[in-house]
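A short worksheet on the structure shown next.
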Number of protein chains: 2
Amino acid sequence: MKSTSNYDLTDAQNELYSWIRDYMREFRHSPSIRQMMQAMGLKSPAPIQSRLKHLQEKGFISWQEGKARTLQVVDEILEGVPIMGSVAAGGLIETFNDTNENLDITDVLKKKNVFALTVNGDSMIDACIADGDMVLMEPINDSFSIRNGDIVSALVPGMGTTLKYFFKRGGKIFLEAANSNYDPIELNLNEVVFQGKLLAVWRKI
Amino acid sequence: MKSTSNYDLTDAQNELYSWIRDYMREFRHSPSIRQMMQAMGLKSPAPIQSRLKHLQEKGFISWQEGKARTLQVVDEILEGVPIMGSVAAGGLIETFNDTNENLDITDVLKKKNVFALTVNGDSMIDACIADGDMVLMEPINDSFSIRNGDIVSALVPGMGTTLKYFFKRGGKIFLEAANSNYDPIELNLNEVVFQGKLLAVWRKI
DNA sequence: TGTATTAGAGTACATTTGTTTTAATGAAAA
DNA sequence: TTTTCATTAAAACAAATGTACTCTAATACA
């Protein structure tokens, strides 16, 4: 990841790029070419087009041809970070090299209506979901889309919302903790409302 | 989940609002009215305008009149997902409500040169870092910025890159696993190269 | 100096797009 | 049923906007 320095750009390109970023940060949408023209003190759109083309060729921006205000600053699209190989969390010897792959943690956000929950307690500790973790959930529309072994958040009468393994056996629903200190909950299908299915776990140190 | 705080909206408005959010989350710019029209299965822009007007009056969105694709979703950080309260992962009763807060998982990416590693093995299992997890790391420039108890990735001679707890006692470096099956590694400061410090853990199901 | 290259001005055009208007449709209320 | 209101379709319009083209001025280079 070179970035940071815009040394590859001419002054004019750099100035435009910088202005675009500021504009988009403020207004949350792309400026139009004529706005850029004005901001750069120009009286014709042609120079802007030229600079945009160069910025695009150098990988700084992109846009949808013919569509108004669809500029994207590539730096901000790439929410991914380089994956530098794997680390031993055991006795194995592993290398530390740029795998040339990227981890995009925002792809789960592209699903519809994803929401987050704060985990409270240790009942899922054996599934490595700890107290204080954030879990990203996908809404459940029909309970038939849940498979045995999925981790779900469910509204259980008298228990509130709880995060558990889902199992279905012989018409009964079993909600099981990942902690032997907690007993499974047995319910009928109509006694429980499923809210979401686990997509990802996020823990910020 | 009856989309919580959108009770003020009609189904059509709610559907549109939801679609706009998803679109902007994916493409990072506002859709045009005709795109919304298509997405809603309509053949005329008028209904969309009507719904947009209502959404604006109710404070959900705003835009610059006459300007193309200048829609803004008010009150919403697009990188974030709504935090819908907390779940019991224990015996506690917790509510399931829109807390009106947002989880922004991209903020750690704003640090410089963040990189990711794939976790291999179970030596950090008691810290709830499991085999296959991705860890997001911040580069370590000088080893003095590391504090006792931090989780670091370190290059240890003969062991490759490993993820461990860092401790420093009496001029010696101790790298300790979060798993009693592994013994601590004792090293001199010049025998180890620290690569990164743990920022976050990411597990996608 | 002369030529080639580049950047900018000016203009024009086609498409995209927001907006308005009117008529048709359908659902709800009287 | 009839009336009333909201929704949608359809069409048209005007503004915004991306793009292409030519011409001129500035710059770089041999």
Side-chain angles (χ1 to χ4, degrees), chain A residues 6-24 26-74 76-77, chain B residues 3 6-74:
Chain A
N6 304 347
Y7 290 151
D8 305 321
L9 302 178
T10 67
D11 285 348
Q13 288 162 9
N14 201 347
E15 189 192 357
L16 176 61
Y17 178 64
S18 187
W19 183 86
I20 290 172
R21 291 189 64 145
D22 287 342
Y23 181 97
M24 291 185 72
E26 182 175 353
F27 295 103
R28 299 286 197 104
H29 63 246
S30 161
S32 70
I33 287 184
R34 279 168 181 81
Q35 280 179 312
M36 303 182 217
M37 189 185 82
Q38 270 199 299
M40 295 297 110
L42 301 175
K43 295 173 181 174
S44 156
I48 298 296
Q49 284 177 273
S50 163
R51 294 172 197 180
L52 288 178
K53 198 179 168 189
H54 287 131
L55 284 169
Q56 186 220 20
E57 282 167 358
K58 291 173 181 170
F60 287 82
I61 57 169
S62 68
W63 69 89
Q64 291 180 20
E65 278 190 20
K67 301 299 174 68
R69 294 175 184 272
T70 52
L71 217 58
Q72 284 187 335
V73 176
V74 172
E76 317 247 330
I77 312 171
Chain B
S3 44
N6 301 355
Y7 283 152
D8 308 319
L9 302 177
T10 67
D11 285 349
Q13 289 162 12
N14 201 347
E15 188 192 358
L16 177 61
Y17 178 63
S18 186
W19 185 87
I20 290 172
R21 279 176 43 164
D22 287 338
Y23 180 98
M24 292 185 71
R25 191 171 284 163
E26 182 173 353
F27 295 103
R28 298 300 189 132
H29 60 246
S30 161
S32 70
I33 288 184
R34 279 168 182 82
Q35 280 180 312
M36 303 181 216
M37 187 186 84
Q38 270 199 300
M40 296 296 112
L42 301 175
K43 293 173 181 176
S44 154
I48 298 295
Q49 284 180 279
S50 161
R51 293 172 199 181
L52 288 179
K53 197 178 169 190
H54 287 129
L55 285 170
Q56 187 220 18
E57 282 167 357
K58 290 172 182 170
F60 286 83
I61 58 171
S62 68
W63 69 92
Q64 291 179 21
E65 279 191 19
K67 302 297 174 70
R69 296 175 184 271
T70 54
L71 218 58
Q72 280 188 343
V73 176
V74 181

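Quantities reported herein were computed from a predicted structural model and do not represent experimental measurements. Below, chains carry the letters A, B, ... as their sequence lines are ordered, and counting in each starts from 1.
The listed nucleotides are D:dT19, C:dA7, D:dA10; the one nearest the side chain of B:K43 is D:dA10. Of the listed nucleotides (D:dT17, C:dT21, C:dA7), D:dT17 has the atom at the smallest distance from the side chain of B:K67.
When the P atom of C:dT6 is taken as reference, atom CD of A:E57 falls 12 Å away, rounded to whole Å. Atoms CD (A:Q56) and C1' (D:dG18) sit 14 Å apart, rounded to a whole Å. Atom P of nucleotide D:dT19 and atom CG of A:L52 are separated by 9 Å, given to the nearest angstrom. As rounded to whole Å, 7 Å separates atom P of C:dG18 from atom CZ of B:R69. Spacing between atom CD of A:Q64 and atom P of D:dT19 amounts to 11 Å, rounded to whole angstrom units. Rounding to whole angstrom units, CG of residue A:L42 and P of D:dA26 are separated by 15 Å. Atom pair A:E65:CD and C:dA14:P shows a separation of 18 Å (rounding to whole Å applied). As rounded to whole Å, 19 Å separates atom P of C:dC13 from atom CD1 of A:I33.
Neither OP1 nor OP2 of D:dA16 sits under 4.0 Å from any side-chain N or O of A:S32. A:R51 has a side-chain polar atom (N or O) that falls below the 4.0 Å cut-off from OP1 or OP2 of C:dG8. Contact check, A:W63 against D:dT17: no side-chain N or O comes under 4.0 Å of OP1 or OP2. A sub-4.0 Å separation between OP1 or OP2 of D:dA16 and a side-chain N or O of A:R34 is absent.
With DNA chain C read from its 5' end, the first of the two nearest nucleotides for A:P45 and B:T70 is the one closest to A:P45. Looking at which nucleotide of DNA chain D each of A:A46 and A:P31 is closest to, the 5′-most match is held by A:P31.
Within 6.0 Å of CD in B:Q56 there are more than 12 heavy atoms belonging to other residues, nucleotides or ligands. More than 12 heavy atoms of other residues, nucleotides or ligands shown are found within 6.0 angstrom of CD on B:Q64. For A:E57, the CD atom counts as densely surrounded, since its 6.0 Å shell holds more than 12 non-hydrogen atoms of other residues, nucleotides or ligands.
The two residues B:R69 and A:H29 come nearest to each other via the heavy atoms O-CB, 4.0 Å.
At a threshold of 4.0 angstrom between heavy atoms, the contacts of B:Q49 include nucleobase atoms, whether or not backbone atoms are also involved. Residue A:A68 is classed as a sugar-phosphate contact, given heavy-atom separations below 4.0 Å to backbone atoms only.
A donor N or O paired with an acceptor N or O is found under 3.5 Å between the base of C:dG10 and the side-chain atoms of A:S44.
Side-chain atoms of B:Q72 come within 3.5 Å of backbone N or O of A:F27 as a donor-acceptor pair.
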